[in-house]
Every structure is written in structure tokens, then in C-alpha cells.
Amino acid sequence: MNKHPAKNIIKVYFVLGPIPLMLDFAGPCEIFRRANIMQDQTYFDVRFVGNHREIQTSIGLPVCNINPLPSTIEDDAMVIISGSASTILGHTDLPTSTEINAENTAIVNWLKTSIRPAHKLITICSGALLAARAGLFDGYKCTTHHDSIEELKSISTNIKIEDNCLFTTDRNRYASAGITSGVDLMLEIVGEKLGIAIAAQIAKFLVVYTRRNGSDPQMSPWLKGRDHLNPTIHRIQDMVGKAPTKDWDVTQLANAANMSVRHFSRLFNAQTGLSVPDYINGLRIAIAEQSLRAEDKQIENLSDELGFASSRHFRRAWNQHHELPPRQWRNAMKTGAPLNV
């Protein structure tokens, strides 16, 4: 058993089925490893569970010391279901379809009996198919890899399938399109738990800057405007990201960059595609979203807490990112209702 002095320990169960895609679970797991290094308030206690003690992965590298599927799961635990591959690099002796179906059925049956409404369920790639078969996405938004969308649709008509996005979040149900987008989703989840500053630092460490799907309204906000290689602008963005609610002004940031206000503003816009105020406000709106999702925060108090000059300023910035006003947006997030007008 792992022991750690952190005040909050969260169990994370990675469920590995037959031929798990290595990047589906290795990438997200790196997010947790880095989060444990960068702060000591919350410790992510990661366990790998499955039907077998050793499992062959998609790249031909076996994963050993896998724990059995647990009989009970902590209420605040995360359960992450990895996607699976149909081939193994360098191998021709693959499991039969009968063996694969039997293993998947065992996982689906375990999910049906073990996952309760309080659990945070996360699927990566085709892992969504197993959760869907267990009925765990009925009434929730969900996505999966584009190659698996049609199969997902055939499982249940009660799933709110979104087939053209990187990931979905709907209350305590999360689904990623898979492969590298599992990293994007895990940054979102860690950002909810630890704050945007920690998530931004993890993204920078992993060299994850590009906002790869502009049509997705729930993309990790710290990725926007980070797909450049200018070290000075990154340094300023890091500074703002650590304290986005601070009363920043362009002159202050230009001085920190050792530039004139005019040159700094032009360079920032050229590198990020955003004005300095729009970038700062985007981070503040992301914090507002986290606050509204996590608690019944008084919306009237948000503008002061987030560093906006007035509630009118806050609502103007909010409207640049959302169609619904804050109160209706919060209700939609809780109920799974559409986020557009």
C-alpha cells in the first residue's frame, strides 16, 4: 500500500482490458505522476487493474503486477478505462475473438456492479464501449475514437454521443476520443482538482501546447495560445497562469518582459493569436467555470474574486466564451442540458 503525507489521497484505477493501447494509459498516467511531483496537497494513488496479472500491450511490451479488479471502490476514486488495439507490434499470436469477448464481458460485468453514481468514470478511446455496455453513459454525453463511433451508437440510444470533439465532460462522466487526446482530458481533470496553474505547468513540461480541436468548447484553456516557441512570452504566460486573478496590466507585463508596451503587445498577439487582456480573461473564465462546477458559488461575487473590474466586465468576458449566461450554464452542466441557446 502506498503511503504519502498529502492531505488528500485519491485512488486512481486504470482498467486494462485485452491488448490495451499503450499511449491510452501511459500518457494520462504521466499527468498524475507529474502532478504528484509538483504539489503535495493531493496525491494520486495509481493502480492498474484487470483480468490478468500480466497483459500484453499494443506495442508488444507487457505490463506486469496488475491487480485484480477490486471488489469495492472508494467513493472519491477515479476509474479510467483504457482503449484496446486489434494488433500487437511484432506479434502474430493474438488472442482469439472468443477470448477477447470473454475478457471484455468480465470487465463490463464488473463495471455494472462496482461503479456507483459518486465515482468519477473516465474512458479513453474505445474504453467508452465497455462503459456504454455497462449502461454507465446512458443519459450522459460521450465520445470515443472516430473508428468506434458507429459501434458506440449501436450500443444504446440513450447516450448523448458527440462524434466530432476531443473529449466530453458531463457531471462525473468523462470520455476522450483517445490516443493523445487522453492527455488533454487528463489535463482538464487535474486542472479541476488542482487548479489551472498546476495543469498549465504540467502541460508545459510535457510540451503540450497546441489546441488541436478548435470546435471543441471544452478544450483545456491553458493550451490556448501556447503553440509557439517564444521563451519570453511563455515566461509571461507562466507568470500570469500562476496568479491569473491578480490585477495584471499590460505595462506591468511589458516591464517583466523588458519590452516597451507597444512591442510587447504586438509580440504577444503575434505569438498567441490573442490580446493580453483576452488571454488573461480566458484564464479567469476557466477558473469561473471550475468554481461554478464545483460549488454553488454566488455568481455576483465571482467578478471580484477573479480580478475583474466589475460584474459587467466579467459578464462581457464570459459572453465571449459561452452562449448561456453563468447561472444557466451551471444548471446545464449539472443536468447535462445543451450548452448553447
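Between the side chain of Asn172 and the backbone N or O of His119, at least one donor-acceptor pair lies under 3.5 Å. When atom types are taken as modelled, the side chain of Ser126 and the backbone of Ser84 share a donor-acceptor pair closer than 3.5 angstrom. A donor-acceptor pair under 3.5 Å links the side-chain atoms of Glu99 to the main chain of Thr96, judged by distance alone. Proximity of a side-chain donor or acceptor of His322 to a complementary backbone N or O of Leu324 within less than 3.5 Å is not detected. Listed for the Arg116 side chain is no donor-acceptor partner under 3.5 Å among the backbone atoms of Glu74.
Transitive grouping of hydrophobic side chains (ILVMFWY, heavy atoms separated by less than 4.5 Å) keeps Ile179 and Val15 in distinct clusters. When the side chains of ILVMFWY residues are joined at heavy-atom separations under 4.5 Å, either directly or via intervening members, Ile155 and Leu136 end up in two distinct hydrophobic clusters.
Side-chain contact of Glu103 with His52: a donor-acceptor pair under 3.5 Å is present, judged by distance alone. A side-chain N or O of Ser275 and one of Asp278 form a donor-acceptor pair less than 3.5 Å apart. Lys120 and Tyr174 are linked by a side-chain donor-acceptor pair at a separation below 3.5 angstrom, with hydrogens and angles left out of the test. Between Ser176 and Ser181, the side chains place a donor N or O and an acceptor N or O closer than 3.5 Å (distance only, hydrogens not considered).
A distance of 9.5 Å separates CZ in Phe137 from OG1 in Thr143, rounded to the nearest 0.5 Å.
Using a cutoff of 4.0 Å between basic side-chain nitrogens and carboxylate oxygens, Arg226 and Asp238 are scored as salt-bridged.
Cation-pi geometry between Arg284 and Phe308 is met: under 6.0 angstrom from the ring centre, within 45 degrees of the axis.
Proximity of the aromatic rings of Tyr279 and Phe268 is defined here by a centroid distance below 6.0 angstrom, and this criterion is met.
In Arg266, the CZ atom is not crowded: 12 or fewer heavy atoms of neighbouring residues, nucleotides or ligands sit closer than 6.0 Å.
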